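Note that the structure is a prediction, hence the values are computed from the model and not measured. Values reported hereafter were calculated over all heavy atoms of this structure, with side chains retained and with hydrogens, waters and symmetry mates removed.
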Amino acid sequence: MTEIIQKFVLYMKEVRKTSENTVLSYERDLKKMNQYFAEQGIQKVGQITDTALNSYILFLESQGRKPSTISRNIASMKAFFQYLQREGYTKQNIAEDLKAPRVERKAPTVLSEEETMRLLEQAAGDSPKELRDRAMLELLYATGIQVSELVTLKLSDV
């Protein structure tokens with residue numbers, strides 16, 4: 001199964017153009033799933049049943065994994081088994097009916113005015129790095145964009 005997981009990872013990178021973080025997370029999740037199934041005596045993809053997938057999810061819960069982690073594992077399995085079906089490794093996608101646990105969304109924390117001023121003062125200087133850092137902090141503060149949006153921002157976007 002390790003070889004098929006590597007083919008799936010390559011597919012995610014080259015065909016789906018999935019972000020590097022997502023690819024790494026899916027690969028890690030699937031390797032752990034593979035290890036669990038190997039310990040259960042399941043060596044081939046065709047031996048995995050929907051009951052086996054559910055027992056793996058129960059195992060993750062018993063290990064104290066957070067709902068968000070379990071949810072990502074389920075997303076990894078769904079994508080993997082969809083790939084297996086599309087590529088002809090399996091006749092059906094046994095993961096399509098898996099339900100992710102409800103993930104509580106935390107309200108974002110908001111900085112006080114004093115904390116904001118202290119943060120902006122951290123990048124007070126005239127070196128190119130300090131000027132860049134201050135511009136980044138001011139842009140974050142003024143627009144409310146996410147850090148991931150900021151770091152991928154191009155001059156042509158402005």
Side-chain angles (χ1 to χ4, degrees), residues 1-112 115-116 118-119 122-123 129 132-133 136-137 139-141 143-154 156-157:
M1 196 169 2
T2 303
E3 183 180 316
I4 297 173
I5 291 172
Q6 289 309 312
K7 287 180 180 180
F8 171 71
V9 167
L10 193 62
Y11 166 80
M12 293 294 284
K13 285 180 186 176
E14 294 182 359
V15 177
R16 298 281 310 269
K17 306 290 186 202
T18 308
S19 77
E20 188 63 28
N21 283 340
T22 300
V23 170
L24 290 172
S25 294
Y26 279 26
E27 182 177 20
R28 184 176 51 247
D29 294 344
L30 294 171
K31 283 181 176 180
K32 286 179 184 177
M33 179 193 73
N34 185 29
Q35 179 182 354
Y36 171 82
F37 286 138
E39 291 169 2
Q40 303 302 311
I42 299 172
Q43 301 293 328
K44 297 179 181 177
V45 170
Q47 296 174 308
I48 301 172
T49 64
D50 55 346
T51 304
L53 288 180
N54 282 313
S55 77
Y56 178 62
I57 293 167
L58 290 172
F59 169 75
L60 293 174
E61 289 172 355
S62 73
Q63 295 293 302
R65 301 290 185 242
K66 293 180 182 177
S68 57
T69 301
I70 293 171
S71 184
R72 193 202 57 240
N73 271 269
I74 290 172
S76 301
M77 290 187 284
K78 283 185 168 200
F80 181 60
F81 283 94
Q82 184 178 41
Y83 167 81
L84 293 176
Q85 182 183 23
R86 185 174 40 256
E87 296 298 315
Y89 291 103
T90 60
K91 291 182 180 171
Q92 66 179 27
N93 178 353
I94 61 170
E96 68 185 340
D97 292 331
L98 291 177
K99 301 285 185 240
R102 187 164 188 85
V103 178
E104 286 186 37
R105 298 239 179 222
K106 297 178 191 171
T109 56
V110 179
L111 297 177
S112 69
E115 291 170 321
T116 303
R118 282 199 327 247
L119 180 63
Q122 294 296 311
K129 182 183 179 304
R132 182 210 59 198
D133 291 350
M136 291 172 74
L137 288 170
L139 185 62
L140 284 169
Y141 177 67
T143 63
I145 65 172
Q146 297 178 0
V147 172
S148 60
E149 294 172 311
L150 174 68
V151 298
T152 59
L153 194 62
K154 298 179 187 81
S156 62
D157 296 333

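Annotation: the span from I42 atom CD1 to M1 atom CE amounts to 7.5 Å, rounded to 0.5 Å. For the atom pair Q35 CD and Q40 CD, the distance stands at 11.0 Å (nearest 0.5 Å). Here D97 contributes atom CG and K99 contributes atom NZ; the two are 6.0 Å apart, rounded to the nearest 0.5 Å. Here the OG-CG distance, from S25 to L30, works out to 10.5 Å after rounding to the nearest 0.5 Å. How far CG of N21 is from OG of S148: 10.0 Å, rounded to the nearest 0.5 Å. Separation of atoms CD (E96) and CG (D50) is listed at 10.5 Å; rounding is to 0.5 Å.
Within the 4.5 Å cutoff, no side-chain heavy atoms of T90 are placed close to those of I48. Counting only heavy atoms from C-beta outward, the side chains of F59 and M33 never approach each other to under 4.5 Å. Between L111 and L119, some side-chain heavy-atom pair lies under the 4.5 Å cut-off. At a threshold of 4.5 Å between non-hydrogen side-chain atoms, the residues Q6 and K31 count as touching.
With E14 contributing its side chain and L10 its backbone, the two residues share no donor-acceptor pair below 3.5 Å.
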Pairs under 3.5 angstrom only: tabulate donor-acceptor contacts from the side chains of residues 67-76 to other protein residues two or more places apart or in another chain.
residue: R72; atom: NE; partner: D29; partner atom: OD2; Å: 2.8
residue: R72; atom: NH2; partner: D29; partner atom: OD1; Å: 2.7
residue: N73; atom: ND2; partner: T69; partner atom: O; Å: 2.9
residue: S76; atom: OG; partner: D29; partner atom: OD2; Å: 2.8
residue: S76; atom: OG; partner: R72; partner atom: O; Å: 3.0

What side-chain donor-acceptor pairs closer than 3.5 Å can you find for residues 77-88, not counting sequence neighbours?
residue: K78; atom: NZ; partner: L98; partner atom: O; Å: 2.9
residue: Q85; atom: NE2; partner: K91; partner atom: O; Å: 3.3
residue: R86; atom: NH2; partner: Y11; partner atom: OH; Å: 2.8

### Message
Does F8 form a side-chain contact (heavy atoms from CB on, under 4.5 Å) with I4? I'd like the steps, not just the answer.
### Response
CA-CA 6 Å; F8 171 71; I4 297 173; 5.6 Å; no

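Environment of CD in Q63: crowded, with over 12 heavy atoms of neighbouring residues, nucleotides or ligands closer than 6.0 Å.
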